[in-house]
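Each residue takes its place number in the sequence, starting with 1.
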Amino acid sequence: MNRHRTALSVLLAAGALVAGALTAATPSIAADAPASFRQQHTQGFWTAERMRAAVPLDVTAVPGAARTPVATSATRTTVAPTAAASPTAFPQAGGAWTAGGAVVKTSGRVFFTMGDRTASCSGDSITSANGSTVITAGHCVKYQGAWHTNWVFVPAYNNGSAPYGQWSATKTFATDQWAASEDMNMDVGLAVVAPLNGQTLSQAVGAQGIAFNGGYNKKMYSFGFPAAAPYDGTKLVYCSGNTGKDFLLTKDHSLGCNMTGGSSGGPWFQDFNEATGLGTQVSVNSFGYTFLPNRMYGPYFGNEAKAAYDKAQTS
């Protein structure tokens with residue numbers, strides 16, 4: 001999982017995070033690729049039928065060539081949450097979230113076109129200067145050198161319905177490292193969405209806090225809308241547990257979690273309050289290893305993620 005993305009593959013079918021040997025050709029990506037994209041979107045494109053039919057997008061990996069970990073040396077930065085249940089099981093390897101709270105509205109499904117295909121991921125509304133920023137995985141905004149189009153965020157998605165509307169991206173962003181070489185350590189993407197019915201996203205659904213350079217080995221909760229079997233994309237699903245650090249190919253966080261394709265880009269929180277549904281976001285669902293089922297990995301939010309966040313929130 002170095003900058004040449006050895007042995008990576010995207011599975012666009014129901015079983016996206018299953019065991020099996022995968023190989024992929026190294027994508028041809030310019031080293032100076034721009035880290036943002038002015039979105040193209042056709043109004044009315046995302047009908048209930050198209051949303052239900054969108055194929056879950058996720059990345060899986062097998063070990064390739066040896067790599068040198070990227071050193072992280074920085075000061076922790078935290079932005080407080082903004083937003084207007086009952087206790088749940090901990091740890092949890094994957095189950096429907098029924099405790100309510102802010103996370104039900106801030107989390108949602110992401111839909112986009114990738115070439116001639118429609119696909120889905122997950123995302124989250126985060127506190128930002130513009131009040132209109134969604135964070136997701138890098139591969140949910142750009143993959144194999146191409147930016148996705150028709151990108152929308154549907155908070156509180158409910159089986160084809162959009163109770164808080166479809167929020168169209170005006171611009172999508174990724175870390176410089178993901179944009180240039182799709183470095184899996186930096187699999188972080190963002191979108192700035194247009195106001196809807198006279199409101200910004202955070203005014204309509206609230207926003208979670210976000211932190212950078214917060215360290216490893218934390219108690220965390222992850223959320224997403226997995227759409228590959230045994231899940232069907234209709235429910236907000238969560239995992240919880242004590243996280244570790246990837247010991248194989250990346251410097252990612254690691255969490256016991258059985259979420260499948262479509263959950264990519266869903267938020268990871270530390271300091272998560274089950275009663276309020278508020279937390280501090282420190283990662284996103286990113287990838288799984290083919291030979292380590294029921295384990296999810298999420299990128300470390302360091303200086304690189306903060307730089308991308310700052311570009312998005314001030315856009």
Side-chain angles (χ1 to χ4, degrees), residues 36-54 57 79-84 97 100-114 118-137 140-142 147-174 189-210 223-225 227 233-236 262 264-267 277-278 281 284 308-315:
S36 65
F37 175 69
R38 190 158 298 283
Q39 268 296 318
Q40 302 166 17
H41 180 238
T42 303
Q43 292 299 322
F45 180 84
W46 288 107
T47 62
E49 292 72 23
R50 274 205 174 105
M51 287 192 290
R52 291 192 189 101
L57 176 66
V79 179
T82 56
W97 178 256
V103 70
V104 174
K105 293 168 65 175
T106 64
S107 296
R109 289 188 74 180
V110 168
F111 297 96
F112 49 87
T113 53
M114 190 173 70
T118 58
S120 73
C121 280
S122 299
D124 185 52
S125 171
I126 52 169
T127 299
S128 60
N130 57 25
S132 301
T133 301
V134 176
I135 193 164
T136 185
C140 298
V141 296
K142 182 181 184 182
W147 293 90
H148 308 321
T149 56
N150 288 314
W151 201 103
V152 299
F153 176 61
V154 183
Y157 173 87
N158 184 15
N159 193 25
S161 70
Y164 298 98
Q166 297 180 359
W167 297 76
S168 300
T170 59
K171 201 168 186 181
T172 47
F173 298 80
L190 302 106
V192 174
V193 295
L196 189 62
N197 300 321
Q199 288 187 305
T200 65
L201 179 64
S202 62
Q203 288 172 335
V205 303
Q208 299 283 352
I210 188 168
F223 291 83
F225 284 83
T234 63
K235 296 180 179 66
L236 178 63
S264 274
L278 287 168
Q281 186 164 348
V284 295
Y309 165 75
D310 285 341
K311 288 177 184 176
Q313 73 160 337
T314 56
S315 175

Is there a donor-acceptor contact under 3.5 Å linking the side chains of [X] and [Y]?
X	Y	result
Ser125	Thr106	no
Gln39	Thr172	yes
Asn130	Ser132	no

Nearest 0.5 Å, what's the [atom1]-[atom2] distance between [X] and [Y]?
X	Y	atom1	atom2	value
Met51	Phe45	CE	CZ	11.5 Å
Asp310	Ser128	CG	OG	11.0 Å
Phe112	Thr118	CZ	OG1	9.5 Å
Leu190	Thr133	CG	OG1	7.0 Å
His148	Leu57	NE2	CG	5.5 Å
Trp151	Ser168	CH2	OG	10.0 Å

Review point. More than 12 heavy atoms of other residues, nucleotides or ligands under 6.0 Å from CZ of Phe37: is that the case?
Key: yes
If only atom types and distance count, is the side chain of [X] paired as donor or acceptor with the main-chain N or O of [Y] below 3.5 Å?
X	Y	result
Gln208	Gly277	yes
Gln281	Gly209	no
Ser161	Asn158	yes
Asn150	Thr42	yes
Arg109	Gly233	yes

How close do [X] and [Y] get, heavy atom to heavy atom, and via which atoms?
X	Y	result
Gly262	Ser122	O-OG, 2.8 Å
Cys140	Gly265	SG-N, 4.5 Å
Gln203	Gly198	OE1-O, 4.3 Å
Ala102	Leu278	CB-CD2, 3.6 Å
Trp147	Ala174	CH2-N, 3.9 Å
Pro267	Gly123	CD-O, 4.3 Å

**Study point:** Axial cation check for Phe111 ring with Arg50, 6.0 Å and 45° limits
**Key:** no
**Study point:** Evaluation steps, side chain to side chain contact (heavy atoms under 4.5 Å, CB included), between Tyr164 and Leu201
**Key:** CA-CA 9 Å; Tyr164 298 98; Leu201 179 64; over 6 Å; no
Side chain to side chain, [X] and [Y], heavy atoms closer than 4.5 Å:
X	Y	answer
Val154	Trp46	no
Thr127	Ile210	no
Trp167	Pro155	yes

Tell me, please, which residues at least two apart from [X] pass side chain to side chain contact (heavy atoms under 4.5 Å, CB included).
X	value
Thr314	none
Arg52	Ala48, Glu49, Tyr157, Asn159
Lys171	Ser36, Arg38, Phe173, Ser315

**Study point:** Phe225 and its side-chain contact (heavy atoms from CB on, under 4.5 Å) partner, picked from Val110, Leu236, Thr234
**Key:** Leu236
